Amino acid sequence: MSGFSAAIAIASKDLRTELRTKESLNSAASFALVILVLFSFAFDLGRDEFLAISGGLLWLVYAFAGALIVNRSFARELPNDCLDILIASPAPGWAIFLGKAFASFLLLMIVELISLPVFGVFYNVPWVDSFFPLLLIMVLATWGITIAGSAFSAVTVNVRLRELMLPVLLYPLLIPLLTAAMEMTTALMNGESLGGSNSGGLRILTAFDAIFTALAVYLIEYILVL
Amino acid sequence: MREKLILTLGSLGTVLMLWVIYRVFLGLPAEILQGDIYRIIFIHVPAAITAYCLYGVAVIASVGFLIKRNFVMDSLAVSCVEVAQVFTLVNLVTGSIWGRIIWGIWWTWDLRLTSQLMCFLLYLGYLLLRPAVSDPTQRGVMSAILAIFAAADIPLVVMAIRLKNVRTQHPQPVLETGGLDPSFVAPFVVSMVALMLIGTALVLIRLQQESTRREIDSLRRELHAV
């Protein structure tokens, strides 16, 4: 079994488990909705003011939901020592890791695609016209969140207070990615395009994805086989 | 032998620092634009440079630990990070005091200030993670990986803050622009040397504590086995 087919097998296993139990999908999606509603109590803004911070709010929701999803990614394998069995299997470490990261990526994308229209409806934000550029940002930034998140999920899987430790470690690391995604999403919501002065964010997202995918794939053997 | 080294480095650093304090507060005149508050630069900048050097050593030691699995490397990394955090805090606090006088505000989300704070937060996670892991090898590998991830993140943080087009109000680095008055050079360089010596002494003290801690841990484990 080659590495890539092992990765696909792991990803489909994770997705199948998740779609049957829906434990992290349901909680992440409803958590995102609750946070979206909370914003309306936290801020009392006019439409222009709201548009100016819309990207920031949206990505805060996604980052919170992302931490919930990646937290389960490796923790799910703890009962019955499944993680040890996965590590002992012929699948290489990077394939296990990429498979899990890809499953988390798809789950987080589902949560994001559910909460985006809700965000648009609740706050009268024009996202439909710029949906495809927005989708590009979402794909790039979500991959960054899940790849760094899955790496830290693997690092913290055996740690006390895992649920608390993961966000404390993950969010500072995600700041460049979130800043870029927030800036570009706000620009899109205000009717600007991704080209010209806004293209710097795309470069940061691509650089983040490339650097952390490479680092995580390279270091994952050290993380898994301690 | 090691005690003597620590004592020599520490007292040499202290004597040099006393000379710097004497020179800065009693020898040098007030600066024409900033008045007396400029004197803070003789602590502010050397503290930052010392912190960067220590973070650098910590990352190299972390890579070394992953390759060699030598626990001295792990101890060196954590000692360097702890001392570097202290120097970063000195840098942040002195900068904040300077900003209160010159800018009229304690803090602004400027490129240099924000990236320095991010550096502090990233390695704060490093220090938080360590006590949460009980197995020494596991602790070493996890923190080494975190140190490497944090180091890879810092250039991205700088790029991302530039996106926001904040015009920096922070003075240009005097070392690069050559704006340092000849009479300032000696106290500046001596202060840097003094802080490096004190930093090295602190790292050596922490290294000793770490090796004692390791010894106690192994004795305790032996006791448990019996």
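Note on naming: letters A, B, ... go to the chains in the order of the sequence lines (proteins, then strands), and numbering restarts at 1 for each one. Computed from heavy atoms alone, side chains included, the values below leave out hydrogens, waters and symmetry copies. Predicted, not measured: the structure shown is a model, and the values here were computed from it.
Both the backbone and the side chain of B/A132 come within contact range of chain A, with heavy atoms under 4.5 Å apart. For B/P155, no part sits under 4.5 Å from any heavy atom of chain A, backbone or side chain. Contact of A/A216 with chain B is made through backbone and side chain together, with heavy-atom distances under 4.5 Å.
Separating the CG atom in B/L124 from the CG atom in A/L169 is a distance of 10.0 Å, to the nearest 0.5 Å. With rounding to the nearest 0.5 Å, the separation of CD1 in A/I223 from CD in B/Q138 is 11.5 Å. Atom CD1 of residue B/I145 and atom CZ of residue A/F152 lie 9.0 Å apart, to the nearest 0.5 angstrom.
In terms of heavy atoms, A/R160 sits closest to B/P131 at NH2-O, 2.8 Å. For the residue pair A/P176 and B/D153, the shortest heavy atom distance occurs at CG-OD1, 3.4 Å. In terms of heavy-atom proximity, A/M165 sits nearest to B/L128 at CE-O, 3.5 Å.
Summarising the local packing, CZ of A/F102 is surrounded by 12 or fewer heavy atoms from other residues, nucleotides or ligands at distances under 6.0 Å.
Of the listed residues (B/L129, B/I154, B/V157, B/I148), the greatest number of heavy-atom pairs within a distance under 4.5 Å of chain A belongs to B/L129. The greatest number of non-hydrogen atom pairs below 4.5 Å with chain B, out of A/I175, A/L174, A/T156, A/L161, is found for A/I175. Taking chain A as the reference chain and counting heavy-atom pairs below 4.5 Å, the highest number among B/V133, B/L122, B/L121 is found for B/L122.
By the side-chain contact (heavy atoms from CB on, under 4.5 Å) test, B/L202 is found to be paired with B/V83, B/I198, residues two or more places apart in sequence or in another chain being considered.
Within the 4.5 Å cutoff, no side-chain heavy atoms of A/V155 are placed close to those of B/L146. Side-chain contact between A/L219 and B/F149: present, with at least one pair of heavy atoms (C-beta onward) separated by less than 4.5 Å. Side chains of B/L156 and A/F212 form a contact here, defined as non-hydrogen atoms less than 4.5 Å apart.
Contact annotation for residues 125-140 of chain A against chain B (heavy-atom separation below 4.5 Å): no residues qualify.
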